[in-house]
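Right, one structure below, let's go through it.
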Amino acid sequence: MSDQPTARIVATGRYLPDRVLTNADLERMVDTDNEWIVERTGILERRLASDDITPVDMGARAAQRALEKAGVAPGDVDVLIVTTATPNHWLPSTSCEIQSRIGAARQCMAFDLHAACTGFLYAVSVAEGCLASGRAETVLIVSTEKMSSIVDWDDRATCILFGDGAGAAVVQGATEGRGAAANGRGTVAGRRGILSSFHRSDGDMAPLLQRAAGGSAKPLDEERLRNKEHLLRMSGREVFKSAVKSMASAGTRVLADAGLTGDDVDLMVPHQANIRIIESTARYARIPMDKVFVNLHRYGNISSATIPVALDEATDEGRIGPGSVVLTTAFGAGLTWGAMALRW
Ligand code: UT7
């Protein structure tokens, strides 16, 4: 809760692979149909990275775009945080690989942060801490996911949901508000940056969404591979119920903490998992759907990349501009969830 934000997202970038997988394509792969997918999820198509495109490739491209837009050289990044549930390798971190790719080796601290779909919001809060403590002047966040590599393409309950892609954000110290607000309410009131945030996790719910094998607890062997224990498994209905409750309460809480109501929000940018979850969260926060950003129909759920990709598209489309009040909410495996209110 603050009228004096310490950190601000100054620029974003995105990379989406070209290949499109439609619901009609999925009809030919598993026992499903377009009507069921659209009605239950809102998804029409998703992007898939080809075999030779990795999370490092996608993340580096999104990062380069964000740095260009911010006018920041790779060598001026003080902290690089990568969020991913699909790292290139277990060792080293994907962040070190992206650091090398963008030409920032030896210039900054780089580490991975794993909070599944909530990863981007967690990372923005960590960036805020780095800036507030004076440890950094510029933090680069890269959220990159190749969900197609961990999805069971025979499991119709999950394979229809996910897609691949990457988003990035450059976070720096907050600045005084200047310029016209995108909402047409004149000049920006107060400082621009993070107004309030709230994050939680509930490890008791871990089994609801997981990849059971492939880590130290259950190293891969032939039997586990045969049983596909290394692939994503989800109790969809339980996750759904939890997502609605958690995102709604986190969203309303950050608005209250910032002294705002749904009327003050210019654009809500929720995690893109399911249109019914998005609609419920918006309803709780009393935000009409015309003030909610949705690209789920085109990309499906790209895990932690959904929010930075959506922020980047929303700024490109002019739906977010200087002074806009933005509410973001996220939810994912762990379980993890969170929300953030920002003045852009
Ligand atoms: O990023 C955060 C993590 N993930 C999420 O947020 C996802 C949260 N969960 C969901 O979005 C929804 O639970 C799903 C979209 C995954 C499923 O929707 P649902 O309304 O919860 O359906 P359900 O799992 O209760 O299944 C209803 C029926 C079942 O058939 P029976 O048992 O009623 O005969 C399923 O077998 O729908 C069946 N079904 C399908 N039918 C056609 C499940 N997947 C499919 C499918 N096509 N792809």
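Start at 1 and go down the list; that is how both ligands and their atoms are numbered. No hydrogens, no waters, no symmetry mates; every other heavy atom, side chains included, goes into these values. Numbers here are sequence positions counted from 1.
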Can you tell me the protein heavy atom closest to [atom] and the distance?
| atom | answer |
| --- | --- |
| atom 27 (C) of ligand 1 | Arg40 NH1, 3.7 Å |
| atom 17 (C) of ligand 1 | Trp36 CH2, 3.9 Å |
| atom 18 (O) of ligand 1 | Arg276 NH2, 3.6 Å |
| atom 5 (C) of ligand 1 | Val239 CG1, 3.9 Å |
| atom 3 (C) of ligand 1 | Leu209 CD2, 3.6 Å |
| atom 36 (O) of ligand 1 | Arg156 NH2, 3.0 Å |
| atom 26 (O) of ligand 1 | Arg237 NH2, 4.1 Å |
| atom 4 (N) of ligand 1 | Met234 SD, 3.5 Å |

One residue to check: [X]. Relative to ligand 1, which of side chain, backbone, both or neither has a non-hydrogen atom less than 4.0 Å away?
| X | answer |
| --- | --- |
| Cys117 | side chain |
| Thr32 | both |
| Ile277 | side chain |

Chi angles and distances behind the salt bridge (charged side-chain N to carboxylate O under 4.0 Å, His left out) call for Glu45, Arg298: CA-CA 5 Å; Glu45 59 188 39; Arg298 287 181 283 128; over 6 Å; no
Please identify which atoms of ligand 1 are closer than 4.0 Å to at least one heavy atom of [X].
| X | value |
| --- | --- |
| Ala273 | 1 (O), 6 (O) |
| Phe331 | 1 (O), 2 (C) |
| His271 | 1 (O), 2 (C) |

Close N or O approach (Thr41, ligand 1; < 3.5 Å): no
Heteroatom distance test (Asn301, ligand 1): nitrogen or oxygen, under 3.5 angstrom: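 Looking only at distances, the answer is yes, because the N/O contact criterion of under 3.5 Å is met.
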Are any of the protein's heavy atoms under 4.0 angstrom from [atom], yes or no?
| atom | value |
| --- | --- |
| atom 10 (C) of ligand 1 | yes |
| atom 47 (N) of ligand 1 | yes |
| atom 31 (P) of ligand 1 | no |
| atom 24 (O) of ligand 1 | no |
| atom 39 (N) of ligand 1 | yes |

Option passing side-chain contact (heavy atoms from CB on, under 4.5 Å) with Thr315 (candidates Val326, Ile9, Thr12):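 That would be Thr12.
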Side chains of Met234 and Leu161 in contact at under 4.5 Å (non-hydrogen atoms): yes
Sub-3.5 Å donor-acceptor pair from the side chain of [X] to the main-chain atoms of [Y], do we have one?
| X | Y | result |
| --- | --- | --- |
| Thr252 | Ala285 | no |
| Asp155 | Asp152 | no |
| Gln210 | Arg233 | no |

Does [X] come within less than 4.0 Å of [Y], counting only side-chain N to carboxylate O?
| X | Y | answer |
| --- | --- | --- |
| Lys146 | Asp164 | no |
| Asp316 | Arg14 | yes |
| Arg226 | Glu223 | no |
| Arg156 | Glu27 | no |

Verdict with supporting geometry, Leu44 and Val38, side-chain contact (heavy atoms from CB on, under 4.5 Å): CA-CA 6 Å; Leu44 301 178; Val38 174; 3.5 Å; yes
Evaluation steps, side-chain hydrogen bond (donor to acceptor under 3.5 Å, both in side chains), between Ser143 and Thr83: CA-CA 5 Å; Ser143 300; Thr83 71; 2.8 Å; yes
Close approach of Ala157 to ligand 1, heavy atoms, under 4.0 angstrom: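 Under 4.0 Å: yes for Ala157.
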Where Ala49 and Ile53 come nearest, the two heavy atoms and their spacing: CB-O, 3.9 Å
